[in-house]
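Predicted model, so just to flag it, every value in this text is computed and none were measured. This chain uses plain numbering: 1 for the first residue, then up along the sequence.
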Amino acid sequence: QVQLVESGGGLVQAGGSLRLSCAAAGRTFNNYAMGWFRLAPGKEREFVAGIRWSGGSTDYADFVKGRFTISGDNAKNTVALQMNSLNSEDTAVYYCAVRTSSSFVPVPRRYDYWGQGTQVTVSS
């Protein structure tokens with residue numbers, strides 16, 4: 001059983017920053033991929049960023065490139081998402097997810113475990 005717990009969400013003004021964290025437990029994640037997704041009202045869940053647990057290669061959605069950075073701490077089994085230059089369109093519930101495969105794909109249904117989500121609200 002895999003448990004994922006997100007933290008770090010909150011209210012921030014446009015142009016500000018937040019750092020989300022996802023703590024993972026329940027198994028060894030060495031050969032897995034982890035992703036951050038978000039769900040905004042009236043929209044479908046969308047891929048934000050992903051990281052391969054082994055090797056640390058990363059991928060980003062175009063709309064966050066240059067603003068968000070995903071990183072992993074293998075020793076602590078945590079994955080962070082540093083979000084800078086936030087704008088109102090970044091307002092959403094952010095989820096971390098684990099895919100039990102070393103390849104990451106920007107498709108929510110390809111991920112096997114999900115956290116409960118953390119709300120990010122950006123005020124303009």
message = So, using side-chain contact (heavy atoms from CB on, under 4.5 Å) as the criterion, who are the partners of Pro108 when residues are at least two apart?
response = Phe37, Arg45, Trp114
request  = Quick one: pull up OG in Ser123 and CG in Leu86 and give me the separation to the nearest 0.5 Å.
outcome  = 10.5 Å
request  = Under the side-chain contact (heavy atoms from CB on, under 4.5 Å) rule, collect the residues that match up with Ser102, sequence neighbours excluded.
outcome  = Arg52
query = Same cluster or not: are Val5 and Val98 linked, directly or through other Ile, Leu, Val, Met, Phe, Trp or Tyr residues, by side-chain heavy atoms under 4.5 angstrom apart?
reply = no
ask   = In this structure, are over 12 heavy atoms from other groups packed under 6.0 Å from Arg110 atom CZ?
value = no
Side chain to side chain contact (heavy atoms under 4.5 Å, CB included) assessment of Val48 paired with Tyr60 = CA-CA 6 Å; Val48 175; Tyr60 296 92; over 6 Å; no
task = Just jot down the side-chain hydrogen bond (donor to acceptor under 3.5 Å, both in side chains) partners of Ser101, sequence neighbours excluded, or say none.
result = Ser103
key: Within one Ile-Leu-Val-Met-Phe-Trp-Tyr cluster: Met83 and Leu11, side-chain cutoff 4.5 Å   = no
ask   = Counting only N and O atoms by type, is there a donor-acceptor contact under 3.5 Å from the side chain of Tyr111 to the main-chain atoms of Cys96?
value = no
message = Going by disulfide bond (SG atoms under 2.5 Å apart), name the pairs with one or both residues in residues 29-89, residues two or more places apart or in two chains.
response = none
note = Residue set satisfying side-chain hydrogen bond (donor to acceptor under 3.5 Å, both in side chains) with Thr100, at least two apart, ordered chain then number -> Asp112
ask   = Who are the salt bridge (charged side-chain N to carboxylate O under 4.0 Å, His left out) partners of Glu89, not counting sequence neighbours?
value = none
query = Between Trp36 and Val79, does a side chain to side chain contact (heavy atoms under 4.5 Å, CB included) hold up when you go through it step by step?
reply = CA-CA 9 Å; Trp36 283 97; Val79 175; 3.6 Å; yes
task = Taking all non-hydrogen atoms of both residues into account, name the closest pair between Ala24 and Leu4 and its distance.
result = CB-CD2, 3.5 Å
All side-chain hydrogen bond (donor to acceptor under 3.5 Å, both in side chains) counterparts of Tyr113, not counting sequence neighbours = Arg27
ask   = Stepwise, does the side chain to side chain contact (heavy atoms under 4.5 Å, CB included) test hold for Phe68 with Ile70?
value = CA-CA 7 Å; Phe68 292 10; Ile70 188 171; over 6 Å; no
key: Side-chain (Thr91) to main-chain (Thr121) donor-acceptor, under 3.5 angstrom   = no
task = Identify, with sequence neighbours excluded, every residue that meets side-chain hydrogen bond (donor to acceptor under 3.5 Å, both in side chains) alongside Tyr94.
result = Arg38
inquiry  = List the residues meeting salt bridge (charged side-chain N to carboxylate O under 4.0 Å, His left out) with Asp59, not counting sequence neighbours, and say none if there are none.
reply    = none
key: Which residues share a salt bridge (charged side-chain N to carboxylate O under 4.0 Å, His left out) with Arg99, sequence neighbours left out   = none
note = Residue set satisfying side-chain contact (heavy atoms from CB on, under 4.5 Å) with Asn31, at least two apart, ordered chain then number -> none
Distance-only check: which donor-acceptor pairs under 3.5 Å involve side-chain atoms of residues 15-22, not counting sequence neighbours?
residue	atom	partner	partner atom	Å
Ser17	OG	Asn84	OD1	2.9
Arg19	NH1	Gln82	OE1	3.3

task = Please name the pair of heavy atoms, one in Asp73 and one in Trp53, separated by the smallest distance, quoted to 0.1 Å.
result = O-CZ2, 4.1 Å
ask   = Roughly how far, to the nearest 0.5 Å, is CG of Leu81 from OG1 of Thr118?
value = 11.0 Å
